[in-house]
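Have a look at the structure below, then the notes.
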2 protein chains.
Amino acid sequence: MSTELQTQLLDSKGLKKTPIRRELVSLFLQNSNALSFHDIQDGMSSKLDKSTLYRNLTSFEEAGLIHKINDHSGIAKFALGQQDLSDDHAHFVCDNCETVSCMEGSVSIDVKVDDKVHVKQIQTIVHGICGNCNS
Amino acid sequence: MSTELQTQLLDSKGLKKTPIRRELVSLFLQNSNALSFHDIQDGMSSKLDKSTLYRNLTSFEEAGLIHKINDHSGIAKFALGQQDLSDDHAHFVCDNCETVSCMEGSVSIDVKVDDKVHVKQIQTIVHGICGNCNS
DNA sequence: ATTTTAAACGCGACTGAGTTGCATCTGTAA
DNA sequence: TTACAGATGCAACTCAGTCGCGTTTAAAAT
């Protein structure tokens, strides 16, 4: 049932199901955009301690439930790691409203790489103006 | 003459040529890798005030002499913006020694983009193990 | 050469993100 | 139901980066 989606996600990653974690997962499920720490703190029903939130975000990230995005602002944002998006998916940053969202599709690079260099992951940030701001 | 390359670079960007700025440009010219604030502070011949350095880095960035790179560490790194590299060039981050360097070549994306979305710039960070560490 | 002035410098105080140590509480498994 | 690892909250802390302000200096004007 739909109210149990958070439970399924936490279970699937072997994470303990506390009330805070359930609400935190719900918050991510409700938002397609990446969330800053303050978006998260403001989005929870009660004001929670920041170390609790940061520790949960770290646990979620280590478990692969969410991923961290570092854009040019220097402030980390977090978004659900979705199965239908590749590991190397791109992120879109609106230079006007500063919204960050994940992009479907693939990124390919055509760069000179030395033989000894081992490429493991590609992270791409696409800057521009989002549909909302461009109206 | 070669000792005047810093002067040329500062002149070409309309930046005032102070002793600190000359040495700062020299430091960037000597390093192919991107430099963190502490790399820079340690690389200068005398210990300089951090606000002076930060303000110079900001001026250099605004003038297009250098560019800022935000990798997963959350700590900004700076590198010369070189003419032979495209604006949208990729950065390589070694997950072992944490060195950051610019990559020649181009990045292309194949992602779904809404009609209203206007893409302005693509920034890519390639993670892996560098040649030095992979020996 | 001297004066002028906008901009660079240094100092110190500050902000804000993120971390850590520790005592208490709670989810879960035995 | 109990036991315990791990989650929570609080407070103190670290560290990157910024800002205000008084002083100095590069470079243009005289």
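Just so we're on the same page: letters track the sequence lines, and every chain starts at 1.
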Quick one: is S59(A) getting a side-chain N or O under 4.0 Å of the dA7(D) phosphate, OP1 or OP2?
no

Hey, does S51(A) reach any base, or is it just sugar-phosphate, or nothing, if we go heavy atoms under 4.0 Å?
base

From the list dT28(C), dG17(D), dA26(D), which nucleotide is the closest neighbour of the side chain of A76(B)?
dG17(D)

Rounded distance in Å - NZ (K17(A)) to C1' (dT8(D))
18 Å

Counting just side-chain N and O atoms, does K50(B) come under 4.0 Å of either OP1 or OP2 of dA16(D)?
no

Nearest whole angstrom, please: distance from the P of dG6(D) to the CG of N56(A).
14 Å

Looking at dT18(D), I'd like to know if its phosphate oxygens (OP1 or OP2) sit under 4.0 Å from a side-chain N or O belonging to Y54(B).
no

Search all heavy atoms of L27(B) against all heavy atoms of L35(B) and return the closest pair with its distance.
CG-CD1, 4.1 Å

Between P on dA8(C) and CZ on F60(B), what's the gap in Å once rounded to a whole number?
10 Å

dT25(D) phosphate, OP1 or OP2, under 4.0 Å from K16(B) side-chain N/O:
no

Any side-chain N or O of H38(A) less than 4.0 Å from the OP1 or OP2 oxygen of dA17(C)?
yes

Close side-chain approach of I20(B) to M44(B), heavy-atom, < 4.5 Å:
yes

Is it the case that over 12 heavy atoms from other parts of the model lie below 6.0 angstrom from the CD atom of E98(B)?
no

Bend angle of the helix from dA1(C)-dT30(D) to dA30(C)-dT1(D), from helix axes over five pairs at each end, nearest 10°
30°

F37(B) vs Y54(B) aromatic rings, parallel, tilted or perpendicular, using cut-offs 30° and 60°?
parallel

Hey, does the side-chain of R55(A) have a donor or acceptor N/O within less than 3.5 Å of a partner on the base of dG6(D)?
no

Residue closer to the 5' end of DNA chain C, I75(A) versus D49(A) (nearest nucleotide):
I75(A)

Could you check whether T52(A) gets within reach of a base, just the sugar-phosphate, or nothing at all, counting any heavy atom under 4.0 Å?
base

Taking OP1 and OP2 of dA8(C), is either one under 4.0 Å from a side-chain nitrogen or oxygen of R21(B)?
yes

How many Å lie between CD1 on I20(B) and P on dT24(D), as a whole number?
15 Å

Using whole Å, what does the distance between atom P of nucleotide dA17(C) and atom CG of N70(B) come to?
15 Å

Does the side chain to side chain donor-acceptor pair (under 3.5 Å) test come out yes or no for S59(B) and N56(B), once each step is laid out?
CA-CA 5 Å; S59(B) 300; N56(B) 276 326; 4.9 Å; no

Student check: side-chain heavy atoms of L10(A) and F60(A) closer than 4.5 Å
yes

Between T18(B) and dT25(D), is there a contact of a side-chain N or O with OP1 or OP2 at under 4.0 Å?
no

Would you say N132(A) has more than 12 foreign heavy atoms packed within less than 6.0 Å of its CG?
no

Take the protein atom CG of D39(A) and the nucleotide atom P of dG16(C), then report the distance between them rounded to whole Å.
16 Å

